[in-house]
Amino acid sequence: MTSQTSNARKADGRRADESSGEESGEKSGRSGAQVRLVDLRRSYGPVRALDGLSLDVGPGEFVALLGPSGCGKTTALRALAGLDTLDSGQILVGDRDITHVGANRRDMGMVFQAYSLFPNMTARDNVAYGLQLRRVGSQERRRRAGDLLDLVGLSSHAAHYPHQLSGGQQQRVALARALAVEPQVLLLDEPLSALDAKVRSQLRDEIRRIQIDVGTTTLFVTHDQQEALGVADRVGVIRSGRLEQVGPPAELYDRPRTPFVAEFVGLTNRLHGTAQSGTAEVLGVGVPLLEGSTGSGAVTVFVRPESVQVTPDGKGNGRVLTASFLGSQSTVRVRLDDDTTVLAQVSSAELAHLPPGTQVRVTVAAAPALATRAVR
Ligand SMILES: Nc1ncnc2c1ncn2[C@@H]1O[C@H](COP(=O)(O)OP(=O)(O)OP(=O)(O)O)[C@@H](O)[C@H]1O
Ligand SMILES: [Mg+2]
């Protein structure tokens with residue numbers, strides 16, 4: 001697909017080549033459907049893997065599900081794909097209730113964490129497999145598999161078997177295979193976790209590009225917050241089988257509504273403060289408190305490292321413990337006089353003035369932050 005059609009798709013939510021004669025874009029398959037998960041529950045013995053998970057995903061939207069190991073991400077995707085049954089809850093795709101529809105009639109593509117290609121089939125046959133199941137003729141199968149391999153940059157590897165492909169190439173074939181049947185919904189369960197950092201970021205960008213081109217509604221599971229924030233339209237944070245917060249990456253980062261989200265998405269400090277009428281005083285600075293904050297009087301305030309300022313000062317309120325060079329930005333860890341440890345982001349140019357042992361003054365920016373009742 002050319003970048004022109006891709007841009008057209010971005011502009012009006014529909015591929016340029018769909019615009020004539022096919023007004024019911026839904027039917028082309030290659031446009032995403034709305035997905036609604038309503039109060040999903042699934043227990044395995046005493047373990048509540050899903051504990052009232054609800055989530056709406058818009059047509060063509062890319063939502064990343066983020067959460068710690070064991071929080072229910074894979075269980076949610078498997079339930080959505082029809083690979084597992086629910087105790088209760090409802091799954092809707094468009095207007096259709098598919099809660100009790102079999103996996104093979106759900107019109108979803110799924111890519112799993114481990115490469116799951118058929119070892120005895122070439123890349124092309126792997127991609128064409130789902131089309132064969134759908135009784136698409138061999139000429140057409142070959143053509144569509146070729147197009148998909150082209151899309152993931154592997155046309156020259158069509159005749160290779162999985163063992164002749166690198167890990168990243170195998171994941172691309174798995175992605176092409178999931179897309180070949182033109183699913184309305186694409187489910188990706190940590191598809192990049194086995195890959196090295198560079199291939200991982202390339203393939204992540206490629207998944208996003210293809211997803212925008214194709215317009216498939218996509219749920220992408222990861223436990224890597226950078227990955228989630230980097231690619232998704234919205235990120236949902238799951239905790240113990242429920243959705244804790246969902247929103248665009250910047251909203252989740254700048255306005256976490258719970259301590260769990262503040263600490264799971266990005267780095268954060270816990271600083272002592274005193275709260276009164278929507279403001280907390282932290283290290284002498286009045287910090288406006290975000291919606292979701294609780295407590296008055298003694299509170300714990302969640303402050304991002306980039307909101308912490310550190311300057312050398314012989315009469316300061318802390319001492320540098322460690323300094324870490326990280327490229328253009330670096331971090332220093334400071335022990336305050338009250339024994340709290342604070343992580344601050346500093347420019348690498350400042351690092352030379354902040355070696356471990358330096359007496360420093362630590363203050364915070366008046367950026368909105370979340371607070372909770374202090375537990376002492
Ligand atoms: N088939 C099963 N039998 C018993 N317990 C299960 C089964 N599948 C999942 N669980 C449990 O349900 C919980 C959620 O598991 P799930 O695989 O959804 O987690 P996850 O969020 O995908 O974790 P990870 O990031 O480690 O992949 C875990 O406590 C897990 O042990
Ligand atoms: Mg999992």
Are E263 and R270 close enough that some pair of their side-chain heavy atoms sits under 4.5 Å apart?
yes
Measuring only between side-chain heavy atoms, which start at C-beta, is Y161 closer than 4.5 Å to N120?
no
When you look at Y44 and D84, which way does the side chain to side chain donor-acceptor pair (under 3.5 Å) test go after all the steps?
CA-CA 11 Å; Y44 298 104; D84 194 7; 2.6 Å; yes
Tell me yes or no: between the side chains of Q276 and S296, is some donor less than 3.5 Å from an acceptor?
no
Under 4.5 Å between any side-chain heavy atoms of V334 and T341, yes or no?
no
When you check the side-chain N and O atoms of Q90 and D97, is any donor under 3.5 Å from an acceptor?
yes
Over-ring placement of R177 relative to F118, 6.0 Å and 45° cut-offs
yes
Side-chain heavy-atom pair S43, D87 within 4.5 angstrom cut-off
yes
Donor-acceptor under 3.5 Å (R36 side chain, L55 main chain):
no
Would you check if the side chain of E281 reaches a backbone N or O of G286 as a donor-acceptor pair within less than 3.5 Å?
no
What verdict does the side-chain contact (heavy atoms from CB on, under 4.5 Å) test give for T322 and V332, after you've listed the backbone C-alpha separation in whole Å, the side-chain angles of each residue and the deciding distance to 0.1 Å?
CA-CA 6 Å; T322 55; V332 290; over 6 Å; no
Within the structure provided, determine whether L188 and P191 are in side-chain contact (heavy-atom separation under 4.5 Å).
yes
Applying a strict under-4.5 Å side-chain criterion to I, L, V, M, F, W and Y, I'd like to know whether L154 and L186 cluster together.
yes
Going only through I, L, V, M, F, W and Y residues with side-chain contacts under 4.5 Å, is there a path from I238 to F264?
no
Hey, quick one: are L117 and I207 part of the same hydrophobic cluster, counting side-chain heavy atoms closer than 4.5 Å, chains of contacts allowed?
yes
Keeping R48 on the side-chain end and S240 on the backbone end, is there a donor-acceptor pair under 3.5 Å?
no
Side-chain heavy-atom pair L192, E227 within 4.5 angstrom cut-off
yes
With distance as the sole criterion, is a donor-acceptor pair present between the side chains of S330 and S348 under 3.5 Å?
yes
Under a 3.5 Å distance rule, please check whether R106 uses its side chain to pair with a backbone N or O of L80 as donor and acceptor.
yes
Are L343 and L271 connected into the same hydrophobic cluster when the rule is that any two of I, L, V, M, F, W, Y join if their side-chain heavy atoms are below 4.5 Å apart?
no
Walk me through whether R143 and D147 qualify under salt bridge (Lys or Arg N to Asp or Glu O under 4.0 Å).
CA-CA 6 Å; R143 189 188 64 74; D147 283 354; 3.0 Å; yes
If you draw the axis of the six-membered ring of F62, does the NZ or CZ of R208 fall within 45° of it and under 6.0 Å from the ring centre?
yes
Has the side chain of E182 got a donor or acceptor atom that lies under 3.5 Å from a matching backbone atom of V214?
no
Main-chain N/O of V299 paired to R373 side chain as donor or acceptor, under 3.5 Å:
no
Between V360 and L354, is there a side-chain heavy-atom distance shorter than 4.5 Å?
yes
Taking V235 as the fixed residue, which of V261, L229, V265 is the one that meets the side chain to side chain contact (heavy atoms under 4.5 Å, CB included) rule?
L229
Measure the shortest side-chain to side-chain distance between L65 and T222 over non-hydrogen atoms and say whether it is less than 4.5 angstrom.
no
One pair to check against salt bridge (Lys or Arg N to Asp or Glu O under 4.0 Å): R304 and D254. What are the steps and the verdict?
CA-CA 9 Å; R304 298 286 183 204; D254 294 333; over 6 Å; no
Would you find a donor on one side and an acceptor on the other, under 3.5 Å apart, between the side chain of E140 and the backbone of G137?
no
Is it the case that the side chains of T340 and D338 hold a donor-acceptor pair, with the cut-off being a distance below 3.5 Å and no angle test?
yes
